[in-house]
Amino acid sequence: MEGVIGEEEVQGSIVEKITFSNLDRMKLECLPNLTSFLSGKNHMLECPRLVNLSIAQCPKMRSLTWQSLIEIDDNTSSLFTLQKTLQVHDCESLEEIFDLEGLEGVERTWVLPSFMTLDLVNLPKLRRLWNKDLQGMLCFSTLQGLTLYKCSNLRHAFTRSMAQCLATLQWMEIKECSQMEGVIGEEKGQGSTVEKITFSNLDWIKLECLPNLTSFFLGKNHILECPRVVDLSIAQCPKMRSLTWQSLMEIDDGTLSLFTPQVVFPSLEELCITDIGYIKMIWDNHVALSFPRHFRHLKTLDVSHCIELSNMFTLTMIGNLVELTKLRISNCKMLTEIISDDGCKEGPIVTFKQLKYMELEELIGLTCFSSGRYTLSFPLLEDVIVIGCLNMKFFSEAPIRAPKLKPKRAQVSTEMWFWEKKIRMSMQNMSIDTATVDGVEFMHLSGFSELTENWHSKLIPSKSSWQLKSLVVDKCPSFLNAISFRLMLVLDKINTLQVQDCESLEEIFNLEGPKAIKGTQVLPQLWCLNLVNLPKLMRLWNKDLQGTLCFSSLSYLTLCNCSNLRHALSPSMARCLPTLQWMEIRKCDQMEGVMVEEEGEGSGLEQITFLRLHWMELEHLPNLTSFFSGTNHTLECPRLQELTIAHCPKIITFTWQSLMKIEQGISSPFTTQVPFPRVKSMVFCHMDNSRKTWVDGSQHLWKAKDLVKLRVEFHVTEEIGLPTIT
């Protein structure tokens with residue numbers, strides 16, 4: 001293909017307009033002989049609604065229209081004049097985008113006067129955007145957006161004089177340019193005069209995955225001014241020291257800061273910094289003192305994975321951040337305090353005037369928020385999360401004012417502050433006043449190594465009822481049980497309990513104590529219990545209260561990877577679960593039966609009923625031999641609809657069966673003691689010891705009129721023995 005539209009044999013000299021009035025996108029790719037879009041010389045192409053044009057891998061293309069040999073020889077041919085996007089991508093030999101040779105004698109040139117967006121993607125040999133500096137005679141008068149992505153040979157995006165040609169630029173995104181050292185490079189023969197580089201219309205800047213970037217501009221005599229930038233994001237630039245060039249003395253003294261007096265961002269609203277390896281501070285005190293208005297509009301500050309960051313805020317800088325609403329700091333291991341006091345241990349109130357949300361996460365060197373003796377004031381603070389700050393001793397030694405902070409949500413880890421009228425109380429000192437815990441709705445206890453005594457004995461409820469709805473107990477290595485009876489009495493609103501990764505935990509509920517209580521409904525709204533990765537768990541609760549205790553709402557029970565658990569329930573425990581609907585037991589290596597016979601049980605036949613159970617899954621239980629091991633029990637699940645038994649190689653039957661039946665090969669999972677009248681789906685997989693599905697003589701008694709799916713896989717079964725479906 002040499003042209004998209006070819007020349008007709010009989011064509012006059014009149015210029016004809018060719019219009020695609022509804023065309024909005026066009027893509028030309030891998031056309032090695034294409035020289036132009038229009039082959040005829042007397043045509044005008046009009047695409048009034050075209051917003052996106054992509055031309056790639058068309059090495060012979062000179063222009064969208066036919067051009068004369070003179071224009072070609074004089075290098076005055078141009079690609080197009082249009083309002084839309086120019087995309088150049090996957091051109092492995094391309095070294096420059098625009099060839100400006102031949103424009104030297106023109107006083108002032110406006111090229112591509114309606115050109116708005118330039119996207120340059122995967123150009124491994126690109127060295128520059130254009131090949132000649134015309135010292136201000138060239139101007140892209142409408143260019144608004146610039147994207148540079150995977151241009152691995154590009155050491156800088158432009159020079160100072162090139163930047164002056166981009167007065168209308170509104171956004172800039174530069175990603176994965178592995179050799180880039182600075183966005184603006186230093187020009188040869190640059191004098192000692194300080195020059196200002198201004199992007200007067202730039203709204204946002206994103207720099208990401210630039211492993212060799214050391215600063216925004218490399219010249220030492222520049223001032224960068226971006227009066228309208230509201231969003232600045234810098235991520236994965238591990239060698240970056242600052243936005244401006246800094247001297248070896250500053251580098252050696254460790255006084256590197258991201259912002260310096262040579263960088264002006266007076267309208268900045270959102271600042272996100274991730275993985276900048278060399279910065280010690282975000283702004284030095286000189287910036288805070290000399291330019292108090294430069295960061296007054298900052299609303300969101302997100303700082304993470306800055307491993308050398310040791311200074312976050314000075315007192316002066318806090319006074320400048322009058323609109324800061326959201327603060328998140330994470331994974332900065334050298335940070336010891338959020339506020340450095342500048343030598344001022346005592347002073348007036350320090351106020352975060354607009355701060356509503358604060359999150360401190362995985363700051364392993366953090367000892368406190370502030371060690372100064374000045375009062376901290378958070379008049380609008382509503383939500384605080386502190387996670388994984390293992391060495392945090394206290395929040396502040398001075399008084400703290402946070403009138404709007406209520407304990408509706410507290411996510412807790414190793415050292416966590418429950419916030420209400422006082423913020424200084426940590427979990428390790430919660431022995432006494434629990435008023436700050438009473439109103440919490442969500443709680444996540446994680447990583448506590450020394451909390452056992454306080455949590456189980458010294459935490460005395462101050463009210464008869466707490467507001468807690470969801471509790472996660474996670475990685476608490478010293479816990480032997482999760483909930484004491486003292487706490488169970490006040491947790492009448494809890495609906496979800498998850499206990500996981502507690503290596504020493506032996507039981508979930510400690511019921512010692514309530515001997516005189518009759519007919520107690522504990523945890524009356526608990527409907528979901530998840531127990532995961534508890535290697536020493538022996539039982540769910542430690543005392544049989546013979547029907548005086550009832551979990552009246554529990555609907556979902558999950559046991560996963562509890563390798564020491566030999567059985568899940570006893571008959572009396574099963575009677576405490578009248579509303580159970582869903583039972584899932586997986587990867588419990590020592591489990592021999594889901595239910596076990598209790599000591600002292602009589603010889604009478606006893607029926608165990610899960611009245612509402614409709615879904616049951618038993619999976620990867622290598623030692624399970626039956627559902628219950630008692631000899632005098634029948635199991636009834638009148639509403640069970642789905643049953644799955646998989647990778648339980650030793651299971652023989654749901655009920656206990658004699659050795660004679662097992663040796664004679666007449667045992668089977670389903671007997672007359674196991675009626676599932678409404679079952680719809682059954683899946684049996686890898687049940688190596690089960691020879692029959694139904695025992696002889698039980699088929700006519702086993703009603704399964706709703707059964708629509710039966711799946712048997714890798715099952716050494718001699719016969720399926722399907723019942724008569726009536």
Assess whether atom CE of M538 is packed by more than 12 heavy atoms of other residues, nucleotides or ligands within 6.0 Å.
yes
- [ ] Could you tell me how the ring of F352 sits relative to the ring of F378: parallel (under 30°), tilted (30 to 60°) or perpendicular (over 60°)?
- [x] parallel
> Is any side-chain heavy atom of T300 less than 4.5 Å from a side-chain heavy atom of T325?
Replying inline: no
| Are side-chain heavy atoms of L707 and M682 found at a separation under 4.5 Å? | yes
Across all chains, not counting sequence neighbours, the ring-ring contact (aromatic ring centres under 6.0 Å, His included) partners of F610 are none
Interatomic distance, CH2@W527 vs CG@L554, rounded to 0.5 Å, equals 10.0 Å
Next on the checklist: Is it the case that the side chains of E208 and Q236 hold a donor-acceptor pair, with the cut-off being a distance below 3.5 Å and no angle test?
Outcome noted: no
Any salt bridge linking R539 with E507? Criterion: basic side-chain nitrogen under 4.0 Å from a carboxylate oxygen.
yes
Hits for ring-ring contact (aromatic ring centres under 6.0 Å, His included) against H647, two or more places apart or cross-chain, chain-then-number order -> H620, H686
Here the salt bridge (charged side-chain N to carboxylate O under 4.0 Å, His left out) pairs for residues 556-570, sequence neighbours left out, are R566-E592
Only residue of L534, L537, I483 satisfying side chain to side chain contact (heavy atoms under 4.5 Å, CB included) with V499 is L534
Residues at least two apart in sequence or cross-chain that pass ring-ring contact (aromatic ring centres under 6.0 Å, His included) with W582, listed by chain then number, are Y556, W615
- T336 side chain to T367 side chain, donor-acceptor N/O pair below 3.5 angstrom: no
Note: N481 and L505 closest approach over all heavy atoms is C-CD1, 3.8 Å
For E359, the side-chain contact (heavy atoms from CB on, under 4.5 Å) test, sequence neighbours excluded, returns R328, Y357, E361, I385
Sorted by chain and residue number, the side-chain contact (heavy atoms from CB on, under 4.5 Å) partners of N530 (sequence neighbours excluded) come out as Q498, C528, T558
Could you give me the CA-CA distance, side-chain angles and deciding distance for M595 and S570, then say whether side chain to side chain contact (heavy atoms under 4.5 Å, CB included) is met?
CA-CA 5 Å; M595 297 185 64; S570 66; over 6 Å; no
message: One pair to check against side chain to side chain contact (heavy atoms under 4.5 Å, CB included): I645 and V683. What are the steps and the verdict?
response: CA-CA 6 Å; I645 305 175; V683 177; over 6 Å; no
For K587, does the NZ atom sit with more than 12 other heavy atoms under 6.0 Å from it, leaving out its own atoms? no
Discussion item. Less than 4.5 Å apart, side chain to side chain, heavy atoms only: is that true for S484 and M488?
Written reply: no
